[in-house]
Structures are given as structure tokens and as C-alpha cells.
Amino acid sequence: VIDRINESVARRLGGAGTSVASFVRIHLWAVAFLVALSLILPNHPANVAKNGGNRKIDVYLHDIRGQTNVNVRSLALDTNDPRAFAPSPFGKERFHIAWITGSEGQVFSLGPSKIVALGSFTFVAELAAQRLPFLGGRQIVVDLYYLPAMRLGDSYITLLHAIKSKPDMIVFDLNPAWVLNPLAVHQWAQLDQIGATELATKPEQWPLGASLFSPSALMWGAAASTLGPIRDRAYYGTSIHDQVDSWGPLRRRPKDAVSDAPSLAQTVLTMSPADFWFQYRFNEKRTPDAEFWAKVLGPSLGGGGPLNRTLLSDIGKALKDSKIPSYVYLAQTNSTWLTGDKQIRTAIDDIEGQLEKLRGDFAASNIVYQPRTLSRYVHNLSFLRGDLVHLVRADSLGPYIAGQLCRLAVRSGYNANCAAVGKAPGNG
Amino acid sequence: MDERIRRWIAEAGIGFLVALILMVIAATTIGTVHFVYQGF
């Protein structure tokens with residue numbers, strides 16, 4: 001029967017696909033049609049304002065237009081969108097600060113029952129920008145490259161992406177809990193495509209690329225850089241899902257979604273790497289106290305992860321090569337624990353010492369590198385209960401960071417009146 | 001119809017289908033496994 005079908009198909013299709021030459025021609029046709037489709041189909045550029053993807057993490061992304069003359073916008077797209085970040089919505093005439101941060105760059109608000117009020121918070125970037133509305137005679141805008149739980153590898157990929165937009169200044173923070181921690185160096189998979197493509201152009205970084213990404217990320221990245229429909233596949237994916245998800249057997253009623261207990265595999269696959277290692281390697285559960293956080297810091301001590309050191313060196317090189325004025329700092333650490341808890345104090349001392357040894361990687365006239373935690377310079381910071389880095393009050397942080405950025409701008413040849421920014425509190 | 005022309009039309013048709021299937025795969029294979037952010 002198979003022979004008869006083959007014979008019939010071969011006869012009707014004139015023998016297509018039955019020889020090597022024919023097979024090659026089919027592939028060439030496929031490529032030609034892909035190129036033709038990418039020329040014919042309209043572009044669907046990522047757009048922060050229209051970004052449907054922000055639906056999921058909307059609470060993390062907000063807009064403070066109208067509050068002052070300050071403009072701060074998160075460029076993060078949906079977590080399934082491999083373009084990862086939208087282009088800045090602000091005009092080229094503004095002074096663009098690319099601000100790369102995770103949740104350590106947020107200041108949370110507490111609700112009535114003293115728990116975090118979702119959707120009600122500000123960013124350290126906003127506090128600083130309010131104190132520094134103009135630089136070099138131009139109104140500043142902050143292009144916020146923010147993802148919650150951003151790890152060092154995520155930040156590095158984001159940095160490479162941000163540099164391509166040629167910002168006027170870069171702010172890059174290091175999270176004390178994760179900067180040297182080998183348990184989680186890369187978490188957000190939507191960055192893989194742009195990361196693999198960026199690193200492919202730097203042969204000396206191919207080992208790093210192989211450590212962080214799969215070959216498919218490179219394939220998708222290469223395809224996306226030449227073919228519009230592949231680049232915009234998140235748009236098409238959303239459109240297809242909007243159509244087909246309600247079809248018969250594919251439809252999931254809300255009842256099913258809550259009543260299905262997740263299997264162990266589902267649970268493990270959706271855990272963050274850090275949570276996975278804590279639970280299955282160290283048998284530790286999160287507890288909101290200094291003892292738990294001392295354990296989190298444990299793997300960072302006495303040398304930390306080799307991949308982390310490579311990443312830090314690469315971050316320094318990318319900033320040096322960019323020649324863009326850059327401020328790199330170690331984010332705040334729970335001030336009470338830093339002075340009162342021996343384990344935390346020893347751990348942070350160790351991390352600061354290691355980062356100090358990497359100063360050479362950041363030695364350039366365009367970089368201010370601050371490897372000591374912000375809590376050494378800024379006082380009166382309040383933290384979430386039982387938390388190492390997350391802020392709930394940081395009134396003095398805005399003037400301090402604005403002062404640092406202003407001095408960096410002046411050093412880089414911009415006109416700015418730093419006295420008006422306000423004196424930075426303490427500099428010890 | 002000449003067998004050669006038939007073969008070329010068939011090859012182009014298969015090529016078009018392959019391109020279309022690739023695009024559908026591209027659009028529907030993103031974000032299938034993703035960790036759920038639980039704070040931190």
C-alpha cells in the first residue's frame with residue numbers, strides 16, 4: 001500500500017522530494033517564502049504602551065507621568081516575549097539614563113496589615129530622577145530595564161542590549177545576595193535569544209554563551225535578526241492563542257485551573273533556580289530572618305562562583321568599551337543586620353572584599369565603581385521585615401544617588417549644577 | 001502538464017507549506033516552560 005501511495009504521489013507531484021536536488025530546492029523555496037513573508041507582513045514592533053504582555057506583571061510596571069517633570073518607564077515586555085524589552089518611548093532629545101535593576105531597585109509600600117501592598121511602590125530610579133530633572137541642559141528620562149529577581153547573567157544580557165540603544169548614562173546595580181552567588185546566575189529565559197545573538201558576535205565569550213544558553217536560542221536569535229515574523233513571534237503567538245484557546249478540548253475552565261493540583265514535575269519546572277537549589281540541595285525553606293539570609297549568602301563567600309566573576313569582568317569590559325558614563329554600585333543591605341548580626345556582617349564584608357579585588361575590571365574614566373554596599377553611605381533606610389535587600393523607606397537614597405550621577409555627569413563633560421541636587425548624606 | 005513543471009510547482013508548494021509551518025511553530029513554542037515568580 002505504501003509503495004502504491006508513494007508511486008501515486010510521485011506521479012502527481014512530478015517526483016518532488018524524491019531526489020537530493022529536489023529536496024534542496026524545497027528548502028530553498030521555504031527560505032524564499034520566509035523572506036517574502038517577512039517583507040509582505042507588517043511589522044509589529046514591541047511597544048510599552050500597547051504591550052498586552054504587561055498584563056501579567058503590570059503591578060511591577062508603572063508610569064509616573066504627571067507626578068513631576070520626571071519620566072521613568074519600564075521597558076520590560078511580557079515574560080514570553082523574546083524581544084524582552086521595548087525601545088524607549090522617549091525622544092532622542094532627552095537625556096537617557098538606562099537603569100538596569102531587579103527588585104533591589106524598588107521601594108515597596110506596606111499595606112494596613114504590614115504586608116507588601118502589590119502595585120504600590122516606587123523605584124530608586126524615580127527617587128533619584130526627581131532630584132535630578134536636568135543634565136547637560138536636557139530633561140532626563142529613565143529607561144528602566146527592570147525584571148523582578150534579575151540575576152547577574154540577566155543583568156549582563158540586558159546591559160549588552162541597553163548599550164545598543166546608545167543611552168547617555170548607565171546605572172547598574174549589583175544585588176549583594178546574588179552578585180557572587182553561583183546558585184542562580186541566569187533566570188529569565190526570554191533574554192536567551194538576545195543574549196545568544198549578542199555573545200555570538202564575541203568569540204571570546206562563546207564559553208559563557210554555551211554556559212547560559214541552548215543552541216536553539218542562537219537559532220531563534222539569528223532567525224529573528226533577519227526575519228520579521230520570527231522577531232515578532234510573540235505578537236503572532238498571542239494572536240493565535242487568543243483564537244484557539246477557547247476551542248473545545250483546548251478550553252480550560254477557571255474551575256479546572258484551580259482544582260488541578262500541580263504534579264511534582266510541574267512544581268519543579270516552574271520554580272526559580274534559587275528556590276530549587278534551596279529546597280532540593282540544601283533542604284532549606286525560606287524563613288524571614290537573618291539566619292536564612294546568611295545561608296543564602298553562604299555560596300558567595302570565599303571566592304563565590306567562577307561564572308559570576310567572569311560575568312563581572314565582562315560587565316566591566318562592556319561598560320569600558322561603550323565609553324558611556326556609568327555608575328555601578330552594590331545595592332543596600334539590611335542596615336540593622338549589617339551592624340547587629342555577626343553572620344551577615346562577616347558575609348557582606350567578604351563579598352565587598354571580593355568585589356574590591358575586581359576593581360581593575362571597572363577601572364576606566366567613564367565608570368564609577370562602588371563595591372561597598374549602599375548601606376555604608378546612606379542611613380535611615382527601612383527594609384521589609386526579615387529581608388536582606390528589599391526597601392520600604394529610602395528617602396535619603398534619592399539625593400545620594402542623584403548626587404553620584406550628577407558628579408559623574410560633570411566628570412564626563414556635561415553641564416550640571418550638582419549643588420541643587422542636594423547634599424548626599426554621609427560619605428563614609 | 002509537463003512533468004518538470006509539475007515537479008517545480010509541487011516543490012514550491014511544499015516549500016510554502018514548510019515556511020508556514022515553521023512560522024506557526026515559531027509563534028506557538030515560546031514561553032512553554034517558565035518559572036513562576038514568587039517574590040525574592
Please determine whether side chain to side chain contact (heavy atoms under 4.5 Å, CB included) holds for the pair A:His27 and B:Ile14, giving the CA-CA distance in whole Å, both sets of side-chain angles, and the decisive distance to 0.1 Å.
CA-CA 9 Å; A:His27 280 75; B:Ile14 296 169; over 6 Å; no

Please give me the minimum heavy-atom distance between [X] and [Y], naming the atom from each residue.
X: A:Ala30; Y: B:Ala19; answer: O-CB, 3.6 Å
X: A:Phe33; Y: B:Gly15; answer: CD1-C, 4.0 Å
X: B:Ala26; Y: A:Arg233; answer: O-NH1, 2.9 Å

From B:Leu22 CG over to A:Ile230 CD1, what is the distance, rounded to the nearest 0.5 angstrom?
7.0 Å

Polar side-chain atom of B:Arg6 near backbone of A:Leu13 as donor-acceptor pair, under 3.5 Å
no

Counting only heavy atoms closer than 4.5 Å, note whether A:Ala32 contacts chain B via side chain, backbone, both or neither.
neither

Quick one: what part of A:Leu37 sits under 4.5 Å from any heavy atom of chain B, side chain, backbone, both or neither?
side chain

Do A:Arg25 and B:Arg7 come close enough that some side-chain heavy atom pair is under 4.5 Å?
yes

Do you know which of B:Ala12, B:Gly13, B:Ala10 has the most heavy-atom pairs with chain A at a distance under 4.5 angstrom?
B:Ala12

